[in-house]
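What follows is a short report on a single structure.
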Amino acid sequence: QKEVEQNSGPLSVPEGAIASLNCTYSDRGSQSFFWYRQYSGKSPELIMSIYSNGDKEDGRFTAQLNKASQYVSLLIRDSQPSDSATYLCAVQAGGTSYGKLTFGQGTILTVHP
Amino acid sequence: DTGVSQNPRHKITKRGQNVTFRCDPISEHNRLYWYRQTLGQGPEFLTYFQNEAQLEKSRLLSDRFSAERPKGSFSTLEIQRTEQGDSAMYLCASSPPGQGYSPLHFGNGTRLTVT
């Protein structure tokens with residue numbers, strides 16, 4: 001079992017729709033969770049962080065965390081073509097992990113006009 | 001606010017040659033990480049520095065790979081006797097000190113192509 005797994009893609013949604021991206025993780029000691037967006041040929045860019053159970057909203061983005069189910073998701077409302085990118089789920093373990101992130105394989109999102 | 005800077009942006013080398021990449025983290029960040037990313041995959045952790053000390057190395061980091069961070073500022077990643085399988089994007093990231101958890105800030109990466 002991979003440490004961090006993301007729902008298989010690619011995911012294609014029409015402009016204006018809600019895009020839903022999912023991620024599960026295996027380490028129950030994980031403390032912090034991040035979503036990065038990566039455009040083709042570019043480096044990952046942080047878009048959301050979440051540390052406690054529940055929802056966290058930032059503009060069109062909502063991150064959801066359920067530690068009991070070891071599940072984290074990202075919802076993108078009113079999707080725009082500029083949201084087309086690879087979305088990476090990243091998990092940060094607790095303890096002396098020095099803040100190291102473990103990434104999922106990424107989900108490619110395409111928003112078509 | 002200057003971000004994480006990596007040089008060169010692209011490197012093409014022949015198999016068997018040595019290459020060295022440089023990373024300059026955000027100035028107040030004492031934590032520095034190297035990751036490797038191949039096409040269609042998420043970044044994979046290679047190594048971590050806190051100040052000048054290399055505190056963790058991945059099993060992915062073979063003996064041909066060495067990283068340094070003299071004086072706790074910039075870092076270099078050297079790959080000796082490159083192989084075609086080393087072709088990847090090499091990403092450097094940094095984060096600030098402190099007990100709390102904070103996200104990593106990535107540089108633009110160095111894309112290595114081994115021919």
Side-chain angles (χ1 to χ4, degrees), chain A residues 2-10 21 23-25 27 29-52 56 58 61 63 65 67 72 74 85-108, chain B residues 3-7 9-10 21 23 25-26 29-51 53-61 69 88-113:
Chain A
K2 291 184 179 178
E3 293 183 60
V4 180
E5 284 203 65
Q6 297 185 233
N7 53 326
S8 59
L21 304 161
C23 174
T24 58
Y25 58 95
D27 182 3
S30 299
Q31 296 287 339
S32 307
F33 307 86
F34 305 94
W35 284 98
Y36 284 80
R37 177 176 61 199
Q38 187 173 30
Y39 292 113
S40 180
K42 303 295 185 183
S43 61
E45 169 195 11
L46 178 72
I47 53 172
M48 287 289 286
S49 59
I50 187 165
Y51 306 101
S52 54
K56 179 181 177 182
D58 184 1
F61 299 98
L65 175 61
K67 289 186 178 180
V72 59
L74 179 71
T86 297
Y87 288 81
L88 296 163
C89 172
V91 175
Q92 200 169 56
T96 58
S97 65
Y98 314 118
K100 179 182 74 176
L101 292 180
T102 301
F103 286 85
Q105 76 276 26
T107 300
I108 298 172
Chain B
V4 178
S5 176
Q6 290 189 248
N7 287 288
R9 293 294 306 276
H10 304 275
F21 311 141
C23 171
I26 295 171
H29 289 186
N30 70 332
R31 297 178 175 180
L32 186 146
Y33 311 78
W34 284 99
Y35 281 78
R36 179 172 67 188
Q37 186 176 26
T38 54
L39 197 62
Q41 300 297 317
E44 295 176 298
F45 171 79
L46 292 179
T47 190
Y48 162 76
F49 288 86
Q50 184 165 302
N51 300 311
Q54 187 175 21
L55 297 184
E56 187 174 349
K57 291 171 61 174
S58 165
R59 288 169 296 173
L60 292 174
L61 214 63
R69 193 183 182 195
M89 174 78 87
Y90 289 83
L91 294 164
C92 177
S94 69
S95 66
Q99 294 296 319
Y101 298 97
S102 58
L104 273 55
H105 300 263
F106 284 88
N108 287 325
T110 294
R111 181 167 296 283
L112 173 66
T113 302

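Every value quoted in this text rests on a predicted model; they were computed, and no experiment measured them. Hydrogens, waters and symmetry mates play no part in the numbers below; they use all other heavy atoms, side chains included. Convention: sequence-line order gives letters A, B, ...; per-chain numbering from 1.
Neither the backbone nor the side chain of A/E45 comes within contact range of chain B; no heavy atoms are under 4.5 Å apart. When heavy atoms are compared at a cutoff of 4.5 Å, A/L46 approaches chain B solely by way of its side chain, counted from C-beta outward. Of the two parts of B/Q6, neither the backbone nor the side chain holds a non-hydrogen atom closer than 4.5 Å to a non-hydrogen atom of chain A. With a 4.5 angstrom heavy-atom cutoff, A/S32 touches chain B only via side-chain atoms.
To the nearest 0.5 angstrom, A/K100 atom NZ is 5.0 Å from B/F45 atom CZ. Interatomic distance, OG of A/S43 versus CD of B/Q37, reported as 9.5 Å (0.5 Å rounding). Rounded to the nearest 0.5 angstrom, A/F103 CZ and B/L91 CG are separated by 8.5 Å.
Residue with the most contacts toward chain A among B/G109, B/G40, B/P43: B/P43 (heavy-atom pairs, distance under 4.5 Å).
Of all non-hydrogen atoms in B/P103 and A/Y36, the two that sit nearest each other are CB-OH, 3.8 Å. Taking each heavy atom of B/F106 and A/P44 in turn, the nearest pair found is CB-O, 3.8 Å. Smallest separation of non-hydrogen atoms from A/L88 and B/G42: CD2-CA, 3.9 Å.
Counting heavy-atom neighbours within 6.0 Å of A/K67 NZ, excluding the residue itself, gives a total above 12.
Remark: side-chain polar atoms of B/Y35 are paired, donor with acceptor, to backbone N or O of A/L101 under 3.5 angstrom.
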